[in-house]
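Treat the numbers as computed from the prediction; the structure is a model and nothing was measured. All ligand and atom numbering here is 1-based and tracks the order in the structure.
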Amino acid sequence: MANQGSEKERRHELVIVGAGPAGLTAGMYAKRAALDAVLLERGLPGGQLLNTELIDDYPGLPEVDGRELAERMTQHATKFGLLIETVTVKGIRKLEDGDFRVTTVEGPVYRSQAVILTAGGTPNRLEVPGEDEFLGKGVSYCAICDGAFFKGETIAVAGGGDAATEEAEFLTRYAERLYLIHRRDQLRAQKILQERVFTNPKIEIIWNTVVTEVLGDERGMNGLRLRNLLTGEEPRLDATGLFVFIGFRPNTGLLEDHAEHDAGGHLITDRDMRTSIPGLFAAGDVRAQLTRQITTAVGDATTALIAAEKYLTELKDQRAAGQATGT
Ligand code: NAP
């Protein structure tokens with residue numbers, strides 16, 4: 001039953017943390033299963049979809065704007081009655097009585113018997129001098145947010161994965177010239193995305209090279225110091241923008257208890273999305289897995305919700321049996 005408890009302690013059967021594609025899918029299925037669930041999100045629902053201009057690998061929607069898909073997924077989930085609350089989760093802890101306690105920056109505290117963590121990730125930073133200083137004055141982690149500021153300019157993208165190639169391609173709508181700086185001699189990205197950058201006349205790839213410093217003055221960034229990892233050369237590259245797409249760090253720092261994870265901090269789950277903490281399920285980018293696509297996030301979340309529903313039923317039966325026998 002919802003919202004019993006003290007003013008600041010809200011009780012639900014299930015708390016879902018993070019409203020990207022995984023969280024919205026888990027929320028939709030939770031309401032279809034008539035669970036008392038709440039989805040907690042600090043910003044607008046949509047997660048990484050909100051930073052993606054064009055999605056061309058979601059089955060049935062060959063070309064869809066990320067923000068439109070986010071809106072549609074949100075409407076779809078709320079159509080079934082999903083409650084979405086705008087709060088920033090700061091901690092998730094399992095209590096001795098088996099419930100979870102979810103605390104928020106704004107104050108409200110949630111209690112639930114199960115939690116699905118779908119909190120996604122935060123972009124990795126290069127951790128080089130000038131990166132902080134020129135953040136918002138040339139350095140960016142979001143092409144869709146900042147691309148239009150670089151009309152007709154020469155810019156750089158760091159990275160060689162799906163995000164770097166997809167966003168580099170998008171940024172050439174604005175930039176006159178774009179250098180894709182990658183530390184190896186091969187891209188990690190899917191072949192279709194590689195082909196697009198190889199054939200885009202505005203893009204030049206600088207191989208075996210890393211950015212070692214962001215350069216600029218009081219007007220903003222005006223160049224990069226690079227290092228060629230094969231020759232040791234350290235040329236300067238004139239550019240007014242640097243977009244960094246070198247992977248994501250999962251947002252698992254919210255967990256106050258230890259859960260099994262891989263070297264990158266992604267939660268290890270079994271095939272039913274169960275983490276090593278009973279009652280805690282993980283789906284989407286927070287989870288250790290081969291790839292992180294919208295489709296895999298949606299699939300994970302479907303499984304996580306069904307497993308959570310089963311867990312809740314079993315817990316209810318156990319608690320009822322315990323009451324009957326007085327244990
Ligand atoms: P990613 O696949 O982990 O690629 C990160 C890239 O950054 C790699 O090329 C890596 O180089 C490079 N890199 C990592 N640390 C670096 C450093 N310190 N300095 C320089 N370069 C560094 O990450 P992502 O591209 O952000 O994608 C994250 C996940 O989202 C992936 O699973 C991806 O498939 C998925 N995604 C999918 C799509 C899509 O399907 N359209 C779009 C975006 C993201 P190495 O190759 O040498 O390791």
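Close approach to G247 involves these atoms of ligand 1, each under 4.0 Å from a residue heavy atom: 5 (C), 23 (O), 26 (O). Within ligand 1, counting atoms from 1 as listed, the ones closer than 4.0 Å to a heavy atom of Q293 are 34 (O), 37 (C), 38 (C), 39 (C), 40 (O). Proximity to Q190 (heavy-atom distance under 4.0 Å) selects the following atoms of ligand 1: 39 (C), 40 (O). Within the listing of ligand 1, atoms 39 (C), 40 (O), 41 (N) sit less than 4.0 angstrom from a heavy atom of D57.
A heavy-atom distance below 4.5 Å is not found between the side chains of L171 and R173.
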As a quick check of understanding, evaluate ring-ring contact (aromatic ring centres under 6.0 Å, His included) for F243 and F150, giving each step before the final call. CA-CA 11 Å; F243 287 81; F150 297 90; 5.4 Å; yes
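If you check the side chains of E233 and N228, you find no donor sitting under 3.5 Å from an acceptor.
Looking at residues two or more places apart in sequence or on another chain, you find a side-chain hydrogen bond (donor to acceptor under 3.5 Å, both in side chains) between E106 and T88.
Closer than 4.0 Å to atom 28 (C) of ligand 1 lies none of the heavy atoms of the protein.
Ion pairing between a basic and an acidic side chain is recognised when a charged N comes within 4.0 Å of a carboxylate O; D257 and K94 show no such pairing.
The option from R184, R292, Q186, E127 that lies nearest to atom 31 (C) of ligand 1, judged by heavy atoms, is R292.
Of the protein's non-hydrogen atoms, L126 CD2, 4.0 Å is the one closest to atom 19 (N) of ligand 1.
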